Novice: 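Below is a structure I'd like to ask you about.
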Amino acid sequence: MNLPIYLDNNATTPMDPRVLEAMLPYFGAKFGNAASRNHAFGWAAEEAVDYAREQVAQLIGASEKEIIFTSGATESDNLAIKGVFEMYKDKGNHIITCVTEHKAILDACKHAEKLGAEVTYLPVKADGLVDLQQLEDAMTERTILVSIMYGNNEIGVIQPVKEIAAIAHKHGALFMTDATQAVGKIPVDVIADGIDLMAFTGHKMYGPKGIGALYVRRKNPRVKVTAQMDGGGHERGMRSGTLNVPGIVGLGKAAEICRLEMAEESLRLSALRDKLENSLLVLEESYRNGNLEHRLPHVANISFKYVEGEGLMMAMKDLAVSSGSACTSASLEPSYVLKSLGLSDDLAHSSIRYGLGRFTTEEEVDFAIAQSLKAVNHLRELSPLWEMFKEGVDLDSVEWAEH
Amino acid sequence: MAYSDKVIDHYTNPRNVGTLDKSNASVGTGLVGAPECGDVMRLQIQVDENHMITDAKFKTFGCGSAIASSSLATEWLKGKSIDEAMKIDNMDIVEELALPPVKIHCSVLAEDAIKAAINDYRVKNGLEALEIAKSHH
Ligand SMILES: Cc1ncc(COP(=O)(O)O)c(C=O)c1O
Ligand code: FES
């Protein structure tokens, strides 16, 4: 077992060696430009891109013409939000999204607001899911787009995508989903789920960084987005720029492996995740965050009350995890996702996200459990709050000094 | 962001963790910060009849730098008079621990805790509380 142990697979995943192997020739002899139509170098690249497009489409139940390659989920999110707004703004200017979305969606919406969009940011319930009745109530005649993520990157909850799509469609709006954390981890089917646009990225599914895709539906209805990158008219005019052939090949291979291995892998990971959680919840005053039924198989988000997340991560020095603590963020604000669940600030500061992945072993999980238990206990020894809690002091009744 | 060796040292082997009897007249207690801000520091001093600090203890809820700052503060306090202790500046802590700019507020918290503890002791013993320059974090 090598230390430190990587348990931050929601931030990024290591590349599968099979993906790297598939990519290598396209950094070397097969360096052609997929748009070079008149020679063998171009044909080889084009063929590889076509093949990868099929691999990607197959993973999500799409047709290959519906896959637009981008530089990643951030770009896909931007293209979807801004591109739909620009394309359909004569039909309406209202967009609905939710407060726990990734910044790429939230900030693209902010941008659209500057251009005249009206955006509704739905709250979430305490379990992190959107309230379908609130969505229904927020729909108007001018709603052109509903954008709700598939699986959340911090707490792993899976939104009721099918139901959300149905509500959007009933009111004549398109449904977009940022499925960055879900694609490749759980079955995602754009037809069955009623998805019109969907963003995802290579580096969260054991593929390379800097390559992602936007699914854009071609039938029932035919969806169009206004390009945000102008140029040579690649990707059916929706995203110009010479194709990143090695990246695309890698994304394709990653998608194929996920499709073939997902069922088994998700069972293995959810068993490990459950073991991790159950062993840590033995600690007094530890709480799981997010809905427990509708969630990704490989994520656990736990708050260890009375210890602070960054201090805790420092004590778990052999574990690469992440925290919602303010001390870890440049802004010194705790996680907005955890706060929007209604979590008190102190619990948000005390949270740790464990993200398991394809290469996580049971031995590593056992080690993580032992080190986490030790770290929490060590820090509670140092924590004045823990001492006060143990003495029965009601922390809410304490008058805390300024700040 | 990597931590300095001194932060890691204080963090892994914190000095003077513990609790003094806050009802004792010779003990001054400073409790600063708030759970919602992600940092709470409690610093206590034991003071003798000559106003010399003979012992210091802390407990801190916060990041590694906050824990290290308070651990260092307890080391510095021991053997100082309460007037000398009043002069400990957060920038001394920043320098000693090589804290980066985003962690300066952790040292400010330690300075606040020192001053709050001294004032608690002073008030308990019939001395007037000293003005504390408002620090921001
Ligand atoms: C939900 C979600 N959306 C978007 C992104 C951004 O993806 P990328 O790094 O490919 O731009 C991430 C990853 O950080 C994510 O978790
Ligand atoms: S206590 Fe929050 S950054 Fe140090």
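The model shown is predicted, which means the values in this text are computed figures rather than measured ones. Every chain is numbered from 1 and lettered A, B, ... according to where its sequence line falls, protein lines coming before strand lines.
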Novice: Say you draw a straight line from CG of A:Leu347 to CD of B:Glu36; how long is it, rounded to the nearest 0.5 Å?
Specialist: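 Here the interatomic distance stands at 11.0 Å.
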
Novice: Is a donor from one side chain sitting under 3.5 angstrom from an acceptor on the other, for A:Glu387 and B:Thr19?
Specialist: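 A:Glu387 vs B:Thr19: donor-acceptor pair found between side chains.
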
Novice: Do the non-hydrogen side-chain atoms of A:Glu310 and B:Lys103 ever get within less than 4.5 Å of each other?
Specialist: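 A side-chain contact under 4.5 Å exists here.
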
Novice: For A:Ala315, which atoms come within 4.5 Å of any heavy atom of chain B: side chain, backbone, both, or neither?
Specialist: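 Both backbone and side chain.
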
Novice: Should we count NZ of B:Lys22 as having more than 12 external heavy atoms under 6.0 Å?
Specialist: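 Open.
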
Novice: Near A:Lys374 NZ, under 6.0 Å, is it more than 12 heavy atoms from other residues, nucleotides or ligands?
Specialist: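 For A:Lys374, atom NZ is not crowded (no more than 12 foreign heavy atoms under 6.0 Å).
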
Novice: What is the distance from atom CE of B:Met41 to atom OG of A:Ser383, rounded to the nearest 0.5 Å?
Specialist: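 Going from the CE atom of B:Met41 to the OG atom of A:Ser383 covers 12.0 Å.
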
Novice: How far apart are the closest heavy atoms of B:Phe61 and A:Pro384, and which atoms are they?
Specialist: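 Looking at all heavy atoms of both residues, the shortest contact is N-CD, 3.4 Å.
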
Novice: Please check if the number of heavy atoms outside B:Asn50 that lie under 6.0 Å from its CG is greater than 12.
Specialist: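 Result for CG/B:Asn50: enclosed.
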
Novice: Tell me whether the count of non-hydrogen atoms from other residues, nucleotides or ligands lying under 6.0 Å of NZ in A:Lys317 goes above 12.
Specialist: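 Counting other residues, nucleotides and ligands, NZ of A:Lys317 stays at 12 neighbours or fewer.
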
Novice: Relative to chain A, which of B:Pro14, B:Cys63, B:Gly64, B:Gly30 shows the most heavy atom pairs under 4.5 Å?
Specialist: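 The residue among B:Pro14, B:Cys63, B:Gly64, B:Gly30 with the greatest pair count is B:Cys63.
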
Novice: I want to check something: taking the side chain as every heavy atom from C-beta on, are B:Leu31 and A:Met388 in contact at a cut-off of under 4.5 Å?
Specialist: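 SC-SC contact between B:Leu31 and A:Met388 confirmed.
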
Novice: Taking CG in A:Asp394 as the centre, count heavy atoms belonging to other residues, nucleotides or ligands within less than 6.0 Å. Is the count above 12?
Specialist: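 Yes.
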
Novice: Does a sphere of radius 6.0 Å around NZ in A:Lys125 hold more than 12 heavy atoms from other residues, nucleotides or ligands, not counting ones at 6.0 Å or beyond?
Specialist: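 Buried by this count: over 12 neighbours within 6.0 Å.
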
Novice: Identify which part of B:Val17 has an atom lying under 4.5 Å from any heavy atom of chain A, answering side chain, backbone, both or neither.
Specialist: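 It is the side chain, since no backbone atom gets that close.
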
Novice: Quick one: CG on A:Leu385 to CG on B:Asp39, what's the gap to the nearest 0.5 Å?
Specialist: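 Answer rounded to 0.5 Å: 10.0 Å.
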
Novice: Go through the steps for A:Tyr306 and B:Val40 under the test side chain to side chain contact (heavy atoms under 4.5 Å, CB included), then give the verdict.
Specialist: CA-CA 10 Å; A:Tyr306 310 119; B:Val40 174; over 6 Å; no

Novice: Surrounding CD of B:Glu95 (heavy atoms of other residues, nucleotides or ligands, distance under 6.0 Å), is the total greater than 12?
Specialist: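 No, the 6.0 Å shell around CD holds no more than 12 heavy atoms from other groups.
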
Novice: Does the pair B:Ile67 and A:Leu382 meet the rule for a side chain to side chain contact (heavy atoms under 4.5 Å, CB included), with working shown?
Specialist: CA-CA 8 Å; B:Ile67 290 171; A:Leu382 300 184; 3.9 Å; yes

Novice: Step by step, would you call A:Met314 with B:Ile8 a side chain to side chain contact (heavy atoms under 4.5 Å, CB included)?
Specialist: CA-CA 9 Å; A:Met314 203 170 154; B:Ile8 291 173; 4.2 Å; yes

Novice: Determine whether A:Asp345 and B:Pro35 make a side-chain contact, defined as any pair of heavy atoms from C-beta on separated by less than 4.5 Å.
Specialist: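 Counting from C-beta outward, A:Asp345 and B:Pro35 never come under 4.5 Å.
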
